[in-house]
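Below is one structure, written out as structure tokens, with a few remarks after it.
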Amino acid sequence: MKKIVNEYVFDFHTLKRFYQVNLQSNFFFILLVLVLISSISSFLEKDISFGIFSFIVFLLGCVYYFVLPYIMAKMAYRSFCHQTKGKDCNMKITITKKEVMVENKTTKSKEVYPTNTINKMREKKDAICLFTNRKLGIFISKSGFIQGTREDLYLLIQEIKRSEK
């Protein structure tokens, strides 16, 4: 049976990266650039009202894209530190064909999710997030693979999806 094990330290940087992976998409970034171009061209054409409107939309998009992941990570990290009494946690993610086990080695707590509930994966340069049917995100660090690799993870998820059909 294939088994993939990933370990990392769950700290503020990791939590911020998790929110960045979830909120920052290339499509949204392209939309921001297009709105900025629209704003600039409106000002050049002397359409001040639409230029101001599109610039405000651009600013709100920038807040969502750049600032919101930081704010959400800060709020979640405060709550997290309150639960763990200020300690960063060592996380261990074990993925098999039947289940995904998320183990907090610092607080000695475990949560188990059926692997067949994973319906989406999102990947950035240093992180992978698995999403379940219940909108739960499981963070996996690309540098934290102890057993298996990123490719093994993709093959395992594909194999599970094929066996469901």
Side-chain angles (χ1 to χ4, degrees), residues 4-42 50-84 86-95 100-107 109 111-145 148-154 156-158 160-161:
I4 297 160
V5 179
N6 188 279
E7 288 188 14
Y8 57 89
V9 175
F10 195 74
D11 56 1
F12 176 73
H13 175 71
T14 306
L15 195 55
K16 186 173 96 176
R17 191 67 189 133
F18 174 76
Y19 283 111
Q20 286 173 336
V21 169
N22 290 318
L23 296 175
Q24 294 177 340
S25 67
N26 293 336
F27 178 72
F28 193 82
F29 184 75
I30 291 169
L31 286 178
L32 273 178
V33 171
L34 291 175
V35 169
L36 179 63
I37 291 169
S38 170
S39 177
I40 291 169
S41 68
S42 295
F50 187 73
I52 291 172
F53 172 75
S54 56
F55 188 71
I56 290 171
V57 169
F58 171 74
L59 289 178
L60 290 173
C62 284
V63 167
Y64 174 84
Y65 192 82
F66 295 108
V67 179
L68 191 62
Y70 178 81
I71 292 171
M72 291 179 70
K74 195 73 165 168
M75 290 175 16
Y77 190 67
R78 273 193 204 129
S79 171
F80 181 73
C81 282
H82 181 69
Q83 292 172 358
T84 62
K87 296 179 187 174
D88 288 338
C89 290
N90 293 320
M91 301 298 288
K92 180 179 180 182
I93 313 296
T94 306
I95 305 167
V100 177
M101 183 172 50
V102 179
E103 180 182 358
N104 183 333
K105 294 169 79 176
T106 304
T107 62
S109 62
E111 293 182 32
V112 179
Y113 308 100
T115 309
N116 62 1
T117 61
I118 295 173
N119 60 2
K120 187 166 94 172
M121 292 175 66
R122 183 174 274 169
E123 181 177 357
K124 292 286 184 175
K125 67 179 179 178
D126 61 346
I128 300 171
C129 284
L130 306 175
F131 297 97
T132 66
N133 296 345
R134 296 183 291 171
K135 307 229 183 229
L136 173 80
I138 300 168
F139 182 85
I140 296 174
S141 172
K142 282 188 179 177
S143 63
F145 283 103
T149 62
R150 174 187 149 289
E151 290 77 21
D152 293 335
L153 175 64
Y154 277 100
L156 182 65
I157 299 299
Q158 286 175 354
I160 292 164
K161 294 298 175 194

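If you read the sequence from its start, that first residue is 1, and numbering goes on from there.
At least one side-chain heavy atom of L153 sits under 4.5 Å from a side-chain heavy atom of M121. With a 4.5 Å cut-off on side-chain heavy atoms, M91 and V102 count as touching. At least one side-chain heavy atom of V33 sits less than 4.5 Å from a side-chain heavy atom of F29. Between I118 and F131 the shortest side-chain heavy-atom distance does not fall below 4.5 Å.
Residues passing the side-chain hydrogen bond (donor to acceptor under 3.5 Å, both in side chains) test with Y19, sequence neighbours excluded: none. When the salt bridge (charged side-chain N to carboxylate O under 4.0 Å, His left out) test is applied to K142, the partners found at least two apart in sequence or on another chain are E123. Applying the side-chain hydrogen bond (donor to acceptor under 3.5 Å, both in side chains) rule to Y65 yields no partners; only residues at least two apart in sequence or on another chain are considered. The ring-ring contact (aromatic ring centres under 6.0 Å, His included) check on F139 picks up Y8, with sequence neighbours excluded. The side-chain hydrogen bond (donor to acceptor under 3.5 Å, both in side chains) test applied to N133 returns N119, not counting sequence neighbours. Under the side-chain hydrogen bond (donor to acceptor under 3.5 Å, both in side chains) criterion, S41 pairs with no residue, sequence neighbours left out.
Remark: side-chain polar atoms of S39 are paired, donor with acceptor, to backbone N or O of G51 under 3.5 angstrom. Although no hydrogens or angles enter the test, the distance criterion places no donor-acceptor pair under 3.5 Å between the side chain of T117 and the main chain of T132. Judged by distance alone, with hydrogens and angles left aside, the side-chain atoms of N90 form no donor-acceptor pair with the main-chain N or O of K105 at under 3.5 Å. Of the possible polar contacts, one joining the K124 side chain to the Q24 backbone as a donor-acceptor pair under 3.5 Å is found. Side chain of T14 to backbone of V9: a donor-acceptor contact under 3.5 angstrom is found.
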request  = Could you walk me through whether D126 and R17 pass side chain to side chain contact (heavy atoms under 4.5 Å, CB included), step by step?
outcome  = CA-CA 9 Å; D126 61 346; R17 191 67 189 133; 2.6 Å; yes
query = Could you walk me through whether V5 and I93 pass the side chain to side chain contact (heavy atoms under 4.5 Å, CB included) check?
reply = CA-CA 6 Å; V5 179; I93 313 296; over 6 Å; no
Candidate pair L136 and Y113, rule side chain to side chain contact (heavy atoms under 4.5 Å, CB included), full reasoning = CA-CA 10 Å; L136 173 80; Y113 308 100; 3.2 Å; yes
task = Please lay out, stage by stage, how L156 and I4 fare under the test side chain to side chain contact (heavy atoms under 4.5 Å, CB included).
result = CA-CA 9 Å; L156 182 65; I4 297 160; 3.9 Å; yes
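Taking the six-membered ring for Trp, Y70 and F12 have ring centres closer than 6.0 Å.
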